[in-house]
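Here is the structure we will look at.
Atom set for the values below is all heavy atoms of this structure, side chains included, hydrogens, waters and symmetry mates excluded. Each chain gets a letter, A, B and so on, in the order the sequences are listed, and its residues count up from 1. Since this is a predicted model, take the numbers as computed values, not measurements.
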Protein chains: 2
Amino acid sequence: MKKDVIKKRIRAIRRELNNRNIDCLIVTKPANVTYTTGFLGDDSWAAITKGKVYFLTDSRYTEQAQGECPDCIIVERTSLMAEAVDKLVKKLKSVQAVTVEKSLSLADFGALKKHVKARFKSVANVIETIRSSKDGMEIKTIEAAALIATQALEKTLRYIKPGVTESELAGMLDFQIRKLGATSSFETIVAFGPNASRPHHQPSGKKLKQKDTVLIDFGAKYNGYCSDITRCFVIGRPTAFYKKVYDVVEQAQAAAIKIIKAGVKMKGVDAAAREVISKSDLPVYGHGTGHGLGLEIHESPFIKVQSKGMLEAGQVITIEPGIYIPGKLGVRIEDDVLVTEGGSRILTRKCPHSPLLLSSKR
Amino acid sequence: MKKDVIKKRIRAIRRELNNRNIDCLIVTKPANVTYTTGFLGDDSWAAITKGKVYFLTDSRYTEQAQGECPDCIIVERTSLMAEAVDKLVKKLKSVQAVTVEKSLSLADFGALKKHVKARFKSVANVIETIRSSKDGMEIKTIEAAALIATQALEKTLRYIKPGVTESELAGMLDFQIRKLGATSSFETIVAFGPNASRPHHQPSGKKLKQKDTVLIDFGAKYNGYCSDITRCFVIGRPTAFYKKVYDVVEQAQAAAIKIIKAGVKMKGVDAAAREVISKSDLPVYGHGTGHGLGLEIHESPFIKVQSKGMLEAGQVITIEPGIYIPGKLGVRIEDDVLVTEGGSRILTRKCPHSPLLLSSKR
């Protein structure tokens, strides 16, 4: 991670901490630790004070941290994390209160209160809110992650033929993502036929049949950043009904993407997609229309019926309406969209929609 | 999940709740929810009272829960989880206090306290402790997960040849696990040459060379249960030093496994492995000697220098000593071991150690 990128992030976080009168934030959520320090490993915390960023890790990660964290004071702990925080806080004489993130567990918070003699406060969504608008490096990395996912899907297409199981196809896609130097950003969903009516279907031993339909929801994680794509296929010619459903979902997605720009109400984007489906007399999906993505596969902002607030330039969100008819079919189309001042840019644009629908030469 | 298995677990949990004077436990940790209800999906909680088990989920999972949870009252929530808990608690008039698991986040606990008018308590490791001793079904499932991992490794062996990258090899192993109807139980570690000196190395684009060494740490998750295996390979003949290190690690592992039986002190098992290495003048590993595994890849008990307490029959633990020399090599051998009254049984015994070491015909 470049030092100036981290420095800029820390400045933004310090401004926010200052607004909230926080003089020492203990960062414990893994994605927030990565954002704050550049570290891509596990089991480590950071502490942000007015003057310094401390990185608390153990011997397994010290070497990695020295390479990845250009702007931190690395503290190698040899005992409990709470004891390491205690040692640190004792050194930081001017700290009024230690503030923890609300994602911390009661158990970890209890250990901190036991070992650290300090006043404690807790706070939610400080770093999450700052992370939600991406910088140029982050946008490039998400775009690279989207391209890897797209290339992996292309290489997987020839395995989509009668007899393959959902599990095998998911495994082949994960393998292609690995071959391209990334990992899957979440557990790949592959659903054949009616299985696609469950948005969170887990790939099974079910075999693909002639004239079957396929839904694949997948993504690559590259240099810490996630992409997230859903595509649907038909083996042979789709039925008229499937084609109708597919077209409505695609129109719903286009309607939402069309109105995206900085300053637009999030619930308006959500409503734009739902309206197209409800006008078609097909059932409207029960899940949200989209979510932010970056270091986490699901992060702020969340685009749903109850959303409050407006989109901001630099946010990267999925737009993923669907139509689900239990026992019959499920169609979802999902792309990753960068919000800009004047509109949007689709970061997954290299992954085609429609040619994949009619893959009849199998 | 069979109804009588779940009933037996609930009886054990209720006995423990009774001992601790808990009349309503809200189960939030995913593995504990699975253990208590049989449910294999996400985003759901359970509530155990003296007479009933409630399962709180949303519309995405209701159908799945009806199939997987034979002994629960399924409550489909349409609003916040905390609001669903509030509705439930209002019905349960005799409840004195609502007890949550300490793995809960401060944010979720805050939401509960905001929405639910009740006295709250928190508790750690109630279900984790009960889960640590496995029943017959669980042992069989872990053994099946170990066999899948073993078969997947066998199928991956022919890809271990000069030119392959760490990432590709990890991906191929994951693919073979998927083909066998399971998923990887954690992010597969593949480390070539000196990369193996970092116990948590992340597979990279590094290519395998002639005479190189390979460490693979992997496992399958099958029907919810994990296996965890580490094996080391050499392309061609190992150097005398590598062979020596390998032999010492294998002896250290054997020394620990030899003394395992119900009633033995955990720190004694840990010490048995370390002693073999320290006598050899090679560096003793910094991590623990092993950990429990089951619904989680790392769960109670933990076998390390600081361990307190004794092994119990039915526990399944890894034994995984290693020797790490930065810049030079890393060797770790890991098997999954069932603790019995009279000794132990190696659940990964079908995955050979030594033939893999000397795979010279490549």
Report summary line: Whatever's closer than 4.5 Å to a heavy atom in chain A on Ala170(B) counts as both
Query raised in the report: How many angstroms lie between CG in Leu104(B) and CZ in Phe109(A), if you round to the nearest 0.5 Å?
Result: 13.5 Å
Query raised in the report: Given a strict heavy-atom distance threshold of 4.5 Å, which part of Val164(B) is in contact with chain A: side chain, backbone, both, or neither?
Result: neither
When you scan chain A against chain B, which donor-acceptor pairs turn up at less than 3.5 Å?
| unit_1 | atom_1 | unit_2 | atom_2 | d |
| --- | --- | --- | --- | --- |
| Leu40(A) | O | Gln202(B) | NE2 | 3.4 |
| Arg60(A) | NH1 | His200(B) | NE2 | 3.3 |
| Tyr61(A) | OH | His200(B) | ND1 | 3.2 |
| Lys102(A) | O | Leu106(B) | N | 3.2 |
| Lys102(A) | O | Ala107(B) | N | 2.8 |
| Leu104(A) | O | Leu106(B) | N | 2.8 |
| Leu106(A) | N | Lys102(B) | O | 3.2 |
| Leu106(A) | N | Leu104(B) | O | 2.8 |
| Ala107(A) | N | Lys102(B) | O | 2.8 |
| Ser167(A) | OG | Arg178(B) | O | 3.4 |
| Arg178(A) | O | Ser167(B) | OG | 3.3 |
| His200(A) | ND1 | Tyr61(B) | OH | 3.3 |
| His200(A) | NE2 | Arg60(B) | NH1 | 3.3 |
| Gln202(A) | NE2 | Leu40(B) | O | 3.4 |

Query raised in the report: Can you name the ring-ring contact (aromatic ring centres under 6.0 Å, His included) partners of Phe186(B), sequence neighbours left out?
Result: none
Query raised in the report: Out of Gly171(B), Gly181(B), Gly286(B), which one racks up the most heavy-atom pairs below 4.5 Å with chain A?
Result: Gly171(B)
